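Just so you know, these numbers come straight off a predicted model, no measurement behind them. When a ligand or atom number is given, it counts from 1 through the structure's own listing order. Side chains are part of it too, since the values below use all heavy atoms of this structure and drop only hydrogens, waters and symmetry mates.
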Amino acid sequence: MDLPLFNQDLEADFPAKAVAIKQVVEQADGVLFVTPEYNRGFSGVLKNAIDWASRPWGKSSFAGKPAAIVGASMGPLGTTQAQSQLRNVLLYLDMKVMGQPEVYFNAITSLDEQGHVVGESREFIKSFAEAFVAHVRSAASPR
Ligand SMILES: Cc1cc2nc3c(=O)[nH]c(=O)nc-3n(C[C@H](O)[C@H](O)[C@H](O)COP(=O)(O)O)c2cc1C
């Protein structure tokens, strides 16, 4: 979406694309972060978007929002490190991050040729989605 690379000098004239991201996050009941793993880290494109929406200082769009993380790669343990790093960032941003279930999605064994989720992964993704909905609801009205 043509989001500029984050540069604090640009905050004085906050880019419209960054304002748009902040609005999307602020209007959402919860945020689902989806990432591949690149060189044992999460996506730099995602980090750039997070950095914009966390600014300006004191006006982060993330504080207190429920969140969950999903990752897909080609290996069985793919995205473990990407997700772990992303979790640290989200916790620093004071998001309410869902701990379980975790999804390390294998894009080779879990998708058919049309890109549809198949096998046990289908039920697992469904249970993850249900858990995330419950997490968002409980964050909205904590017991
Ligand atoms: C530069 C690069 C680095 C990668 N590093 C990892 C990695 O550290 N661990 C992993 O499981 N997969 C790694 N992969 C595989 C990607 O996670 C996989 O191709 C993923 O499905 C790409 O998602 P995308 O199509 O949304 O970019 C890497 C791929 C690229 C292009």
Q: Starting from atom 1 (C) of ligand 1, locate the nearest protein heavy atom and write down its residue, its atom name and how far away it is, to 0.1 Å.
A: N39 ND2, 4.0 Å
Q | Any residue meeting ring pair (Phe, Tyr, Trp, His ring centres under 6.0 Å) with F6, in chain and number order, not counting sequence neighbours | A | W52
Q | More than 12 heavy atoms of other groups within 6.0 Å of Q114 CD | A | yes
Q: Return the residue, atom name and 0.1 Å-rounded distance of the protein heavy atom closest to atom 11 (O) of ligand 1.
A: S73 OG, 3.1 Å
**Q.** Basic-acidic side-chain contact under 4.0 Å: D51, R55
**A.** no
Q | Step-by-step side-chain contact (heavy atoms from CB on, under 4.5 Å) determination, Y104 to T80 | A | CA-CA 7 Å; Y104 301 107; T80 53; 3.8 Å; yes
**Q.** Protein heavy-atom partner closest to atom 18 (C) of ligand 1 - residue, atom, separation in Å
**A.** M74 CG, 3.9 Å
Q: Would you kindly confirm whether V97 and I50 end up in one hydrophobic cluster when ILVMFWY residues are joined by side chain heavy atoms under 4.5 Å apart?
A: yes
Q) What is the closest protein heavy atom to atom 30 (C) of ligand 1, and at what distance does it sit? A) Y38 CD2, 3.6 Å
Q: Do me a favour and list the nearest non-hydrogen protein atom to atom 7 (C) of ligand 1 with residue, atom name and distance?
A: R40 NH1, 3.2 Å
(Q) Quick check on contacts: which atoms of ligand 1 are under 4.0 angstrom from a heavy atom of G78? (A) 11 (O)
Q | Set of residues satisfying side chain to side chain contact (heavy atoms under 4.5 Å, CB included) with respect to N39, sequence neighbours excluded | A | none
**Q.** Taking atom 15 (C) of ligand 1 as the reference point, the nearest protein heavy atom with its distance
**A.** E37 O, 3.9 Å
Q | Closest approach of any protein heavy atom to atom 22 (C) of ligand 1, naming residue and atom | A | P36 CB, 3.8 Å
